[in-house]
Amino acid sequence: MTLLPVHIEETPRWWPATRLLLLLPLLILPALLLLPPVLRLPVYSVQGGTLTARSLGARVVIPPGTPVQSRAVTLRGKVIGSALPGYTVGLFRTPTGRAQVFSDGSQGRSALVFATRPPTVLTPADPQALLRSWQAGEN
């Protein structure tokens, strides 16, 4: 029996980096689905009388004295953004026009609607506490 020589080629040095670049897009989608609940987004913060609503890819700053209403809001369709349960953020159609939404996805319950352009809709866990701290100029 005659043994034949085996030709072995080494893996090119650039291959691990190329493989990572090819797999990265596949990892981004699950990360976008898992990050908001892990980071507890959207987040509302008040500093010096300015209210900031922040999500994974968007942020809105509401200056002091902006008119606000507390009312139920129904979303009729997404223009751009996320409509996941627990993370509803983006530009949505409402019965009164378009609105920026930073919400946990609850519909039909009381929301804070700020008179920005377009209107900004927030659904914090305790709307009255957020309003009190915003109007008092607390941090």
Side-chain angles (χ1 to χ4, degrees):
M1 174 180 247
T2 309
L3 295 175
L4 297 174
V6 178
H7 180 70
I8 298 174
E9 289 191 26
E10 290 186 29
T11 304
R13 290 184 165 203
W14 52 265
W15 177 245
T18 303
R19 185 173 47 191
L20 179 65
L21 288 174
L22 292 171
L23 290 176
L24 197 57
L26 297 175
L27 299 175
I28 289 175
L29 185 60
L32 289 175
L33 294 174
L34 297 175
L35 275 178
V38 169
L39 298 175
R40 297 184 181 206
L41 295 175
V43 173
Y44 314 109
S45 62
V46 177
Q47 190 165 18
T50 300
L51 174 62
T52 303
R54 187 175 51 82
S55 70
L56 196 58
R59 177 181 105 137
V60 66
V61 177
I62 301 169
T66 302
V68 61
Q69 295 178 349
S70 181
R71 61 182 168 90
V73 174
T74 303
L75 304 178
R76 292 211 171 146
K78 174 178 70 170
V79 176
I80 188 167
S82 168
L84 295 172
Y87 184 71
T88 303
V89 175
L91 190 60
F92 287 80
R93 286 186 289 281
T94 66
T96 59
R98 290 184 176 184
Q100 292 183 92
V101 177
F102 292 84
S103 172
D104 59 2
S106 57
Q107 288 202 43
R109 74 164 217 210
S110 184
L112 298 176
V113 181
F114 292 86
T116 57
R117 196 169 279 161
T120 302
V121 176
L122 308 180
T123 59
D126 189 352
Q128 296 311 314
L130 182 67
L131 276 180
R132 276 194 303 276
S133 64
W134 177 61
Q135 291 169 341
E138 298 172 354
N139 291 338

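Computed from a prediction, not measured in an experiment: that's the story for all the values here.
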Could you give the distance from CZ (Phe92) to CD1 (Ile80), rounded to the nearest 0.5 Å? 10.5 Å

Here the gap from Thr66 atom OG1 to Gln135 atom CD, rounded to the nearest 0.5 Å, amounts to 10.5 Å

Do Thr50 and Pro63 have side chains that get closer than 4.5 Å, going by heavy atoms? no

Identify the heavy atoms of [X] and [Y] that sit nearest to each other, and give their distance.
X	Y	answer
Pro118	Arg98	CB-O, 3.8 Å
Leu91	Gln100	CD1-N, 4.2 Å
Ala99	Thr94	CB-CG2, 4.0 Å
Arg71	Thr96	NH2-OG1, 4.4 Å
Leu112	Pro124	CD1-CG, 4.0 Å
Ser55	Leu41	C-CD1, 3.9 Å

Run the side-chain donor-acceptor check on residues 14-34: report pairs under 3.5 Å with partners two or more places apart or on a different chain.
from  : atom 1 : to    : atom 2 : distance (Å)
Thr18 : OG1    : Trp14 : O      : 3.0

With Leu51, the side-chain contact (heavy atoms from CB on, under 4.5 Å) member among Val68, Val61, Leu122: Leu122

Counterpart residues, ring-ring contact (aromatic ring centres under 6.0 Å, His included), relative to Phe114 (two or more places apart): Trp134

Verdict with reasoning, Thr52 to Ile62, per side-chain contact (heavy atoms from CB on, under 4.5 Å): CA-CA 6 Å; Thr52 303; Ile62 301 169; over 6 Å; no

Testing the 3.5 Å rule here: is there a donor-acceptor pair between the side chains of Thr123 and Ser103? yes

